[in-house]
Structures are given as structure tokens and as C-alpha cells.
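Because the structure is a prediction, the values reported are computed rather than measured. FYI, side chains are in, hydrogens and waters are out, and symmetry mates aren't considered; it's all heavy atoms of this structure. Atoms within each ligand, like the ligands themselves, are counted from 1 in listed order.
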Amino acid sequence: MKAYYPDIPKIKYEGPKSDNPLAYKYYNPEEMIAGKAMKDHLRFSAAYWHTICAAGVDMFGVATADKTFGETDPMKIAKAKVYAFFEIIDKLGIEFFAFHDRDIAPEGATLSETNRQLDEIADLFEQLMKEYDKKLLWGTANLFNNPRFMHGAGTSCNADVFAYAAAQVKKALEISVRLNASGYTFWGGREGYETLLNTNMGLELDNMARFLHLTTDYGHSIGFKGTYYIEPKPKEPTKHQYDFDAATVIGFLRKYNLDMKLNLEANHATLAGHTFQHELRVARTEGRFGSVDANIGDLLLGWDTDQFPHDVYDATLAMYEIIKAGGFTSGGLNFDSKARRPSFEPQDVFISHIMGMDTMALGLRVADKIIQDGRIDRFVEERYASYDSGIGKRIVDGTVTIQELEKYALEMGDVKTNKSGRQEYLEGILNQVMFG
Ligand code: XUL
Ligand code: CO
């Protein structure tokens, strides 16, 4: 088989002292942490749309990296990309991947032709997945790029677009089932609005739920056994996206009785004005934690830069939440991340993944140490100890009346039992565990 990256070796763990840019310093796949191999904690996945498609285009400039692999015909480019992509994830030792339908195969003149092209590329995926022993973390449909989706897809004001989008997701689900996906993600690409002056919000939200019921029911009917995810994002491309953040999405899922989990992305959390840890905590508290799009934004920029995660502090708090949520089952850490535009050389694809994987591996190592250390968890437990007995227990049990609470308060006179929240003490512990 032709090598697309002949100069890149298989990436190995060399430990923190290594100065080899093409080696892991902290990610040691088989090393056991808290009774589980690192690779099974982290379940790394590469995003097809970035890793093999993103070529450095931005609002002000064309591509800086060539990812056509010497081909000009769109189907030949598409096939070369599949081979190159499997070589990349094989060399990096990444077990999973995710894609949009339109990342993997170009659109034809009609939907039928597009579907035929998709089938042809899916055949190649099936073959290479077997050869390399790789798995599809989730599939999805691109319902935002083509001009037909200018008003959204499931929330479009135009019923023809709703129908087209449903047909597209039907096909994407069929391909995902064929490739044995562990999940299927719905990201509301343009499901939002630009101005309320032209928007029927109630109908759009109801239609989005109709869209999700139709598509997820269909998936089940053809044997989809994985998890359905919704990926929140507050803005971009539309001014206001309906899937604003974890709490908004969970409210929506409840209202419309949809059985879906969340695929949370770090950069989307910060765009919503939350930390990534906050979004993960909301999902875990609500039993809706599913999967993660691992990346990071730049807090000085107001958009979705999709950078590879390098902030160990953030990664630690994220991994802490993931461990506390019971770890991944069907989900994983999907690098919805791309190297920066000036990092255009083929090597950069590898170096950026290595750095991102090492960051998440460090996060896992420190999060485990925090849990082993136990001081933070103990502090939180003790902080709420007043609910373990007496009046607190009766509040939690739901056996207390408001009259009894009044009697208790009157007898108490005033609250004399508040204690310090000790935020700085806890932040100090985090630093001590990280660098101690
Ligand atoms: C866009 C984004 C998407 C989804 C999949 O911000 O995160 O790539 O992850 O459609
Ligand atoms: Co994403």
C-alpha cells in the first residue's frame, strides 16, 4: 500500500524526558490508571473533517496545506484521503474516528448520485476499518455547508429543506449502521436564527423535535444500537443557536421526550460563557453525559478556533468530571481540533495530535491523583453534611412540612453554623497535586 507519510514512524510512548517531537511524553496507552488502561479511559478519536480535510482556509485566506494528495478528480481525492487518514490514525495509535457524510464523499448533481458516491467511499471505509482495526465513534450529516441550508435544516422555514435534510440523515444513519458506529451526533449547524423579525421560534423548535424523532426512530428501526448525541453550541454560524448549552439542550430533550445524550465540546462551552467543566458537570448531574469533542478555544478570540487542547488545568478538570461520570461507554475524546493555519506541513498533523493526546493524558493522570488524594472530594462531602441527619435529612427525604421548617427557624433564632467555602485552600490542593 502506498505510504502518504513515509517519513513518519509509528508514534510511541517515550516518557516525559523524551525530546522527540514524534513521541508521546505522557500518553502510554497500555498503562493502567485506576484499574483501566489509559487508552480505554481516553478513547481517542480523530475528526475526519479536520485531520484530513481542513487545509488552513480562514475568512481572509485560502488553504495553506495541500490535502489533495496529487489528485484532481473529486472522487479520487476522496479515496486518497481515506487511505491517508487510516495511515495517520494507525501511526498515531488512535482507535476511533468520526465523520460527516460530506467530509468523506463529494456531492453529486442529485441526491441519488451523492448517495451512490457515499456508498462507494463507505465500502473503502469498511475495508480499511477491518485492515487497521479502527472503529467509528460516531457519524453525522453536514446540514450546514450547502446553500440549501441557508435557513437551517430541521428548523428551516422551508419544508422542502426539512425533507431534504431528513433524507440526508436517513442515508448518514444507514452508513453509520453499516460501519457499526458506537454513536450518531446531531450538531445543529444552522438550527438557530439571525433575527427574530423573520422567525417563528415555536414552530422551529417543534420542527427540530419532529426532525429528531423521525431520524432517531428510523435509526433504531434499521438496527442502530449506539448512542444518539446532541452537541450544544451557543452561536456560530447563526447568531443564536437553539442548542445553546448543556442545560438548554437537556430542557429541550425533556420537553420533547427525546432519548439522547450530550456530545460536549470545550470550545462551545467557553463560547456559551461556561467552563468546559461546567458543561460536563451539568451533563453528568442530569445523567446525560455521552461523549466529548476535545479541543480548546482562545479566550481572547470570540469564535470557534477548534485548537488542539494544551491547557492541562482545563484538561484535568474535564477528566475529573469524566471519571466521576463513570467514564466513557459508547463515547470518547474526539479531537474536533485542527492545527493552526501556519502549521501547514504534513508533520504538523501528527505533532498537533500528539500534543493534544499528551494534554488529555496528563489531565487523566492528575485527575486520578486528585481523586486518590481525596481532600477535595472529602471537603465537598463534609460541606453538605447538614443534609445527612436531623432537619437536613428530612428536607432531602421530602418528609418535612413548611410549618416544621418555620418552627425550626424560630427556635434557631439565627443561623450560626455557616462555614468557609475554602476556595483558595482547594485551589491550592489542585496546584499541589499537579506540581507537587
Ligand atoms: C462545529 C462542530 C461540528 C460538530 C459535528 O462547531 O463542532 O464539527 O462537532 O458536526
Ligand atoms: Co464539535
Side-chain angles (χ1 to χ4, degrees), residues 43-55 57-59 85 96-104 136-146 149 152-155 165 168-169 171-173 175-176 181-192 208 211-212 215 226-246 248-249 260-272 274 276 279-280 283 289-298 301-309 318 330-339 353 356 360:
R43 289 172 60 91
F44 286 128
S45 159
Y48 202 82
W49 56 99
H50 286 315
T51 300
I52 205 64
C53 299
V57 176
D58 75 11
M59 300 269 275
F85 180 75
F96 299 92
F97 61 95
F99 61 64
H100 302 83
D101 50 0
R102 301 297 176 254
D103 307 334
I104 65 170
L136 180 55
L137 189 72
W138 48 261
T140 189
N142 181 328
L143 305 177
F144 42 91
N145 224 72
N146 191 288
F149 299 118
T155 65
Q168 196 180 319
V169 173
K171 184 69 187 175
L173 280 162
I175 299 279
S176 299
S182 336
Y184 185 91
T185 293
F186 292 84
W187 169 60
R190 291 182 191 274
E191 313 293 28
M208 189 155 101
F211 189 84
L212 292 171
T215 48
T227 310
Y228 289 121
Y229 306 114
I230 288 210
E231 184 178 325
K233 185 175 182 181
K235 56 187 168 191
E236 199 201 5
T238 63
K239 182 180 85 171
H240 182 102
Q241 306 257 142
Y242 291 127
D243 301 333
F244 193 91
D245 61 1
T248 310
V249 168
M260 303 175 84
K261 296 240 157 78
L262 301 193
N263 178 42
L264 294 165
E265 178 165 329
N267 203 163
H268 296 180
T270 47
L271 285 176
H274 301 305
F276 189 35
E279 289 294 83
L280 290 163
F289 168 72
S291 200
V292 162
D293 271 8
N295 63 17
I296 198 168
D298 186 321
L301 302 174
W303 64 91
D304 196 13
T305 55
D306 282 344
Q307 292 172 232
F308 278 89
S330 55
L333 288 174
N334 175 52
F335 284 110
D336 194 348
S337 310
K338 58 184 176 213
H353 282 84
M360 298 315 296

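In this structure a side-chain-to-backbone donor-acceptor pair under 3.5 Å is missing from Asp243 to Val249. Here the side chain of Asn267 pairs a donor or acceptor atom with the backbone of Thr305 at under 3.5 angstrom.
Side-chain contact between Phe308 and His353 is present, with at least one heavy-atom pair separated by less than 4.5 Å. Under the 4.5 Å side-chain criterion, counting only non-hydrogen atoms from C-beta, Val292 is in contact with Leu280.
In this structure, Phe97 and Phe85 have perpendicular ring planes: the angle between them is above 60°, well past the 30° mark.
A donor and an acceptor atom, one from each side chain of Thr215 and Tyr228, are nowhere located under 3.5 Å apart.
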N/O to N/O under 3.5 Å, ligand 1 against protein:
residue, atom, partner, partner atom, Å
ligand 1, 6 (O), Lys233, NZ, 2.9
ligand 1, 6 (O), His268, NE2, 3.0
ligand 1, 6 (O), Asp304, OD2, 2.8
ligand 1, 7 (O), Glu231, OE2, 2.7
ligand 1, 7 (O), Glu265, OE1, 2.7
ligand 1, 7 (O), His268, NE2, 3.3
ligand 1, 7 (O), Asp336, OD2, 2.8
ligand 1, 8 (O), Trp49, NE1, 3.4
ligand 1, 8 (O), Asp336, OD2, 3.3
ligand 1, 9 (O), Glu231, OE1, 2.7
ligand 1, 9 (O), Glu231, OE2, 2.9
ligand 1, 9 (O), Asp293, OD2, 2.9
ligand 1, 9 (O), Asp336, OD2, 2.9
ligand 1, 10 (O), His100, NE2, 2.7

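Only protein N, O or S atoms were scored, and 4 of them lie under 2.8 Å from the Co ion (ligand 2).
Applying the salt bridge (charged side-chain N to carboxylate O under 4.0 Å, His left out) test to Arg190 and every residue at least two apart in sequence or in another chain returns nothing. With sequence neighbours excluded, the residues that form a side chain to side chain contact (heavy atoms under 4.5 Å, CB included) with Ala246 are Leu262, Leu264, Glu279, Val282.
Checking each of Tyr48, Phe144, Trp187 against His100 for a ring pair (Phe, Tyr, Trp, His ring centres under 6.0 Å) leaves exactly one that passes, namely Phe144.
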